[in-house]
Every structure is written in C-alpha cells, then in structure tokens.
Amino acid sequence: MIVKEENKVKLTYTTNTLQSEIIDIDIKGNVDTVTFEKTFGKPYYYPLYISLKDNKKVFPSVTRLIFECSPNIAEIPNGMFPNVTEVVNCNSDIFRNVFYSDEDTVIDLSKYQMIDDYAFSGCKSVNVINTENIQHCALHAFDDSAIDKMPFINGVKMIGTILFDIDVNCPVIEIPKHITCCSEKVKHLECNVMNVTYGDNYDSKIGIKSKKIVIRKGKDEIEDLDSKIKKDIKNVYSWLRETSELEFQDNLSPHFKTIDGIVYDDKGKILIMCPKYKKGNIVIPDGVEMIKQSAFFRCNDIESIVMPDSLIYIEDRAIDSCINLKRISVSQKTTTLGSINGNSIICFCDNLEELILPEGIREIRGKCVFGSFNVKNIDLPEGLKIIGDKAFAGLSKVESISVPDSLISIGRCAFQGAKSIKSTDYKENLIKSIYTRNTTPYCENLKTYADFQEYFFIRFEIKEKIFFIPNYYLTDAGIDKIEDLIISKGLNDNTISQIYEICYDEICNIDLKDCNNYRNVINLILYKISNLEGIKKKMKRTAKKIASEFMKEGYESLFVEFLNLNIISQSSLKALAEYARKNGLVSHQVYLMNHLQSGTNKKQSSFNL
C-alpha cells in the first residue's frame with residue numbers, strides 16, 4: 001500500500017507500508033534540517049529501506065540530515081542534498097553517503113565500521129581520515145568518485161588504510177604497510193604476483209587472490225620475529241591461502257621454508273600449509289614425517305595426493321573440504337591411519353573416488369574418514385587387524401566393502417552408510433559396523449519397489465551365503481539376537497530364515513511414530529526376500545489396510561507387488577476398488593477389477609487402461 005505522510009518540518013514521505021520502504025520524498029519551503037523519523041507518526045512502523053537511488057529531486061536548502069531510524073538499506077543519491085555539511089546517524093556504524101563534494105572537504109570516518117555501496121558517488125574530495133576502524137568496505141563504495149579515479153601506485157589503490165582496488169594487469173603488485181581493510185571489490189579480483197613485506201602487514205587480513213605470493217623481510221629488524229611467526233603460524237598464514245604458490249625470500253625465518261609453493265618447516269619434515277589454489281597432483285617429497293592440521297583446506301583444484309614412505313603422522317582434518325580431490329595414496333609404510341584424538345583426518349572431500357591403503361596397514365582409527373564421498377567400493381587389505389568406531393562413517397555412496405580374514409576387531413558404525421558388506425566369515429560386530437541408527441529416513445524420491453529395497457536394506461555376503469537386514473529400525477537387542485544366532489549356529493538356510501523372522505517381529509513391534517507406512521514397505525520386502533509363510537500369514541491379517549495405505553501414498557509399484565501376494569480377500573478387493581473409483585485412482589481401480597474378474601487373484605505385473 002502506497003501512502004503519503006507529512007511530518008512537522010513540511011517533509012512528505014511516500015511510503016510502501018507493505019515493504020516498510022520510503023520510495024519518494026518532497027520538501028516544502030526552505031528547510032535546513034531533514035529528519036528521517038523513527039516511526040513516521042506510527043509507533044509500530046519504521047522503515048527497513050530508503051529507496052531513493054534513482055530519484056532526481058534536489059533540495060539545496062538542506063544543510064543537516066538526521067537519521068533517527070536505522071534502515072537495512074539507505075539508497076539516497078549524493079546529489080539530492082548538495083549542500084549538506086553535517087550528517088547525524090543515530091545508532092548506526094554504517095557510512096552511507098558523503099552528500100557534500102567539495103575538493104577540500106575532510107571526510108572523517110572515525111565513527112564508522114562499514115562503508116556502504118555508492119557512499120562516495122559524486123564526491124570530489126580524496127581527503128579521507130581515520131579509516132582504521134573500518135572493517136567492511138562494500139563492492140561499489142567508491143564508484144563514480146574522485147577516489148575511484150586515483151592512479152594505481154605499485155599496482156594498488158589505497159585511501160587511508162583501506163585497500164580498495166588492484167591492477168590485475170600489473171606483473172607484480174606491492175602491498176603497502178598497515179592495511180586494516182580490503183574492499184569487496186579487491187576480493188573479487190586476482191593479481192599475478194603479490195609482494196608482501198613481513199612485519200609490516202603479515203597479519204593483516206588482506207584477502208587478495210593472487211597466483212603467487214612472495215613474502216620478504218622488512219628493512220627494519222623486528223624483535224622475536226621468528227618466535228612470533230612460529231607461535232601464530234595458522235593466523236599468520238590464513239590469508240596467504242588465497243594463492244596457488246608461496247615463496248619466502250631473504251631467509252625470512254629459520255623455522256619455515258617453501259617447496260614447490262607449499263609451506264614446510266625448516267627441515268622439510270612437517271607439511272604446514274598448501275595454498276588454496278594449488279592445482280593438479282601433489283606428490284609430497286620423501287622426508288616429510290607429518291602433515292599438520294588443515295594443511296590441505298579447501299584446496300579445490302587439487303586432483304590427487306601421494307604420501308611419501310617417510311610419513312609417520314597425519315593430524316586432525318589434515319585433508320579437509322577439497323571438493324575436486326579424486327585420489328589419495330597412503331604411504332606404503334603406514335601401519336596406523338587416523339588421529340589419536342579420535343577425529344577425522346580426511347573429511348568432506350565430496351568427489352573422492354579412490355583411497356589407496358597400503359598392504360602393511362594394521363589399524364584404522366575411529367572417524368578416520370568422514371563425508372559423503374564418491375568411493376564406490378572399499379577393499380581393505382589383508383593384514384588389517386583393527387578398525388575403530390565410525391572409521392569410514394558417512395560413506396553413503398559406497399556400494400560394497402570387502403573385509404579381510406585378518407580383521408579381528410570392528411568398531412561400531414565403522415562403515416555406516418554403506419549398502420553391502422562381504423566377508424569370508426562372520427566377525428563380531430559386523431552388523432553393527434554397517435548399521436545406521438538415529439536417522440530419519442528421507443524417502444520423498446523413492447517410488448518403485450527396487451528403490452525401497454536398495455534404500456531400506458543392507459546386503460551381507462558371508463561364506464557365500466547372502467542375506468538382507470532392514471536398516472534404521474532394528475533395536476540393539478534385535479541386532480544382538482541376530483549376531484548371537486549367527487555365532488552360535490553358523491550361517492545356513494535355517495538361521496537365515498530365523499534372521500528374517502527376528503527382523504519381522506522387530507519391525508512390527510517398534511514405534512515408528514509418523515512412519516507407519518514404512519513398516520508395511522519393509523515387511524513386504526522382507527517377505528519377497530525370504531518367502532516365509534509365517535510372515536505371509538501375519539501380513540494377511542492387515543492386508544486391506546496395507547494395500548489402502550500404499551494407494552494413499554501413491555506407491556503404485558509397491559501396491560502391485562502386494563496384490564500379487566494373493567493374500568487380500570474378495571470382499572476387501574471390492575472395497576478397495578470402490579475407494580479407487582471414488583478418489584480417481586484409475587490405474588489402481590483397473591488392476592483391482594482384473595483381480596476380481598479373474599476370481600483367482602492371478603498374478604499380474606502389467607495391465608492396460
């Protein structure tokens with residue numbers, strides 16, 4: 001709704017109350033002070049937006065502006081109030097407009113922490129002071145201003161302590177001293193080579209993307225330079241990740257060096273940090289014994305990592321969120337893989353396709369690898385003895401896991417998310433190693449019988465015997481009962497039948513809350529897998545209810561499979577057919593009528609309308 005309101009100084013606002021927005025303004029007479037009021041006369045209303053950016057009106061009599069409100073966005077053209085000399089921002093630390101544009105005007109930013117888009121548009125002054133408190137400078141803050149037209153000096157433009165532009169065509173840019181803020185414009189650009197003088201600006205959050213960063217010592221010696229950089233290594237180099245290659249010059253520190261653009265300790269035994277934009281295949285040189293935490297963090301252009309035989313230890317989250325990493329080859333001499341703290345060392349590398357484990361590995365610790373990777377099959381090498389809890393948790397795309405004979409201990413949820421597991425004999429906790437609990441199934445995209453079977457069931461192949469158990473809903477007591485049965489009586493056709501009976505009883509008795517239809521789905525699949533008459537008889541008691549729920553949910557494929565069990569009575573078929581007719585379920589109605597006409601419930605897998 002568009003309304004006009006007039007305040008006490010002959011100022012008329014045109015507002016869009018639905019969007020809490022000022023969209024026009026008009027001033028009657030020679031008014032010298034304009035106040036953007038907090039409530040516009042209405043205690044419940046205040047503007048979230050002042051949208052006057054394209055307004056061409058000019059009010060030369062106004063010399064003072066007061067913002068009682070604190071809008072989210074205040075777009076006011078600087079030319080609207082050309083003679084303003086004072087702006088009062090109540091409860092705001094955002095610098096939004098210059099308004100005045102004299103070349104000699106001094107613009108003081110001491111009260112502000114942010115500079116908004118187009119704040120300096122039309123401004124002729126470059127005399128800006130007290131910029132040290134500015135923490136954020138918007139993308140278009142200096143557009144169409146004298147500041148924006150300043151020349152590049154050593155490839156950069158600075159106003160006070162704010163770096164707001166770089167020359168992307170400059171072969172080498174020099175980062176000036178004492179930067180406190182980089183504009184969003186700079187963060188969208190990439191330079192060729194950036195020279196940084198350590199000690200002047202090494203701890204500034206520069207945030208410039210560069211193909212190469214060169215760090216060198218300053219002319220003035222800094223006390224305890226080495227201890228300072230050694231103590232704060234992660235913060236020192238956090239902004240230096242924004243490159244594909246690093247180089248240390250002038251013997252910057254006896255504690256660190258770079259090899260092929262990657263940061264190591266001075267002896268080359270510890271890999272500390274790989275630049276964010278490093279590309280291709282990384283072969284870690286022989287002699288490296290440790291990979292530090294977050295050494296490979298969001299290195300999205302890396303395709304593979306090969307670890308040397310000298311490697312002894314990998315810290316927590318050493319390889320983290322490298323989304324295009326496809327292959328990791330673990331050192332051939334590694335016997336234990338994983339963190340002593342129980343945290344992941346490889347995580348969230350979504351496109352990882354291959355994890356090559358050495359033949360000599362003996363233990364994979366808990367939570368070693370985490371994330372939804374593209375690894376399809378995991379063949380654990382012979383000789384592996386221990387796998388910790390959740391060692392490979394979250395591998396939802398893993399289709400099969402092969403367990404070696406040498407394995408003697410498997411942690412709970414070690415392979416959580418996998419769909420199939422294979423072993424030459426049953427090992428204690430094998431079911432619990434792959435089973436998923438405390439998860440609400442997401443079934444919106446499941447339509448066919450095959451979809452539901454793949455989603456809800458885990459496949460086990462042990463001693464050439466194959467059986468399935470339903471995921472998500474079995475209790476710990478039920479799993480223990482199945483495991484005790486296998487250990488005590490071995491795997492044969494009789495014990496597999498008993499496993500299915502246990503699963504059926506578990507599913508029937510567990511409280512599924514709002515997921516009762518999943519119970520019907522799981523029990524239908526259990527019967528189709530097991531072909532046990534006992535399960536069929538139990539399902540027959542509620543056959544009409546199960547069929548009607550499949551109809552209501554739109555599970556036509558499951559409905560057809562269930563009808564083909566031939567356990568629904570003629571009277572129930574008639575009632576279901578009438579329900580289908582009333583609700584416009586044509587295909588269900590035709591299929592039910594065919595069953596009724598046959599009189600024998602003859603199996604059908606297709607039908608014609």
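Index from 1, following the sequence. Only this structure's heavy atoms are used, side chains among them; waters, hydrogens and symmetry mates stay out.
Using a 4.0 Å cut-off between charged side-chain N and carboxylate O, Glu354 and Arg327 make a salt bridge. Using a 4.0 Å cut-off between charged nitrogen and carboxylate oxygen, Lys279 and Asp301 do not count as a salt-bridge pair. The residues Lys326 and Asp350 are annotated as not salt-bridged, no charged nitrogen and carboxylate oxygen being separated by less than 4.0 angstrom. Comment: Glu549 does not engage Lys552 in a salt bridge, judged by the lack of any side-chain N to carboxylate O separation of less than 4.0 angstrom.
Within 6.0 Å of the CZ atom in Arg298, the count of heavy atoms belonging to other residues, nucleotides or ligands does not exceed 12. Residue-environment remark: NZ (Lys385) stays at or below the threshold of 12 foreign heavy atoms within 6.0 Å. Heavy atoms from other residues, nucleotides or ligands lying under 6.0 Å from NZ of Lys538 number more than 12. Applying the 6.0 Å contact sphere to NZ of Lys536 captures more than 12 heavy atoms from other residues, nucleotides or ligands. Within 6.0 Å of the NZ atom in Lys540, the count of heavy atoms belonging to other residues, nucleotides or ligands does not exceed 12. Environment of CD in Glu359: sparse, with no more than 12 heavy atoms of neighbouring residues, nucleotides or ligands closer than 6.0 Å.
Shortest non-hydrogen contact noted between Ser321 and Cys349 is N-SG, 4.2 Å. Residues Ile567 and Ala543 come closest through the heavy atom pair O-CB, 3.9 Å.
Phe460 and Phe467 have parallel rings, their planes meeting at less than 30° on a 0 to 90° scale where 60° marks the start of perpendicular. Taking the six-membered ring where the residue is Trp, Phe456 and Phe452 present parallel rings, their angle staying beneath 30° rather than reaching 60°.
In this model, a donor atom of one side chain and an acceptor atom of the other lie less than 3.5 Å apart for Asp316 and Asn341. Side-chain contact of Tyr555 with Asn520: a donor-acceptor pair under 3.5 Å is absent, judged by distance alone. A donor atom on one side chain and an acceptor atom on the other are not found under 3.5 Å apart for Ser497 and Asn494. A side-chain N or O of Glu506 and one of Thr475 form a donor-acceptor pair less than 3.5 Å apart. With 3.5 Å as the limit, one finds no donor-acceptor pair spanning the side chains of Gln589 and Tyr579. With hydrogens and angles left out, the side-chain atoms of Ser420 and Glu461 include no donor and acceptor closer than 3.5 Å.
Taken to the nearest 0.5 Å, the CZ atom of Arg519 stands 8.0 Å off from the CG atom of Asn509. To the nearest 0.5 Å, atom CD1 of residue Ile364 and atom OG1 of residue Thr336 are 10.0 Å apart. Distance check: Leu311 CG to Ser331 OG gives 6.0 Å after rounding to the nearest 0.5 Å. In this structure, CG on Asn300 lies 7.5 Å from NZ on Lys276, to the nearest 0.5 angstrom.
With hydrogens and angles disregarded, a donor-acceptor distance shorter than 3.5 Å links the side chain of Thr448 to the backbone of Asp451. With Tyr435 contributing its side chain and Leu474 its backbone, the two residues share a donor-acceptor pair below 3.5 Å.
Aromatic ring centres of Tyr527 and Phe562 lie farther apart than the 6.0 Å criterion allows.
The side-chain hydrogen bond (donor to acceptor under 3.5 Å, both in side chains) with Tyr426 is formed by just one residue from the set Lys463, Glu483, Lys465; it is Glu483. The side chain to side chain contact (heavy atoms under 4.5 Å, CB included) test with Phe392 singles out one residue from Leu355, Ile401, Val375, and that residue is Leu355. Screening Asp480, Asp476, Asp389 for a salt bridge (charged side-chain N to carboxylate O under 4.0 Å, His left out) involving Lys432 leaves a single residue, Asp480.
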Checklist entry - After noting the C-alpha distance and the side-chain angles of Ile499 and Cys503, does the key distance pass the side-chain contact (heavy atoms from CB on, under 4.5 Å) rule? => result CA-CA 6 Å; Ile499 289 171; Cys503 292; 4.2 Å; yes

Checklist entry - So Glu556 and Ser587, side chain to side chain donor-acceptor pair (under 3.5 Å) or not? Walk me through it. => result CA-CA 9 Å; Glu556 187 169 324; Ser587 58; 3.2 Å; yes

Checklist entry - Could you go step by step and tell me if Phe457 and Tyr472 meet the ring pair (Phe, Tyr, Trp, His ring centres under 6.0 Å) rule? => result CA-CA 9 Å; Phe457 281 77; Tyr472 306 114; over 10 Å; no

Next on the checklist: If you apply the rule side-chain contact (heavy atoms from CB on, under 4.5 Å), what do you find for Leu430 with Ile462, and how did you get there?
Outcome noted: CA-CA 10 Å; Leu430 190 64; Ile462 301 169; 3.6 Å; yes

Item to check | Derivation of the side-chain contact (heavy atoms from CB on, under 4.5 Å) call for Leu524 and Leu565 | outcome: CA-CA 9 Å; Leu524 169 61; Leu565 298 183; 3.7 Å; yes

Checklist entry - Step by step, would you call Met307 with Ile328 a side-chain contact (heavy atoms from CB on, under 4.5 Å)? => result CA-CA 8 Å; Met307 300 177 183; Ile328 298 175; 3.9 Å; yes

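Judged as a side-chain hydrogen bond (donor to acceptor under 3.5 Å, both in side chains), and not counting sequence neighbours, Lys390 has no contacts. Under the rule for a ring-ring contact (aromatic ring centres under 6.0 Å, His included), His136 has no partner lying at least two apart in sequence or in another chain. With sequence neighbours excluded, the residues that form a side-chain hydrogen bond (donor to acceptor under 3.5 Å, both in side chains) with Arg317 are Asp320.
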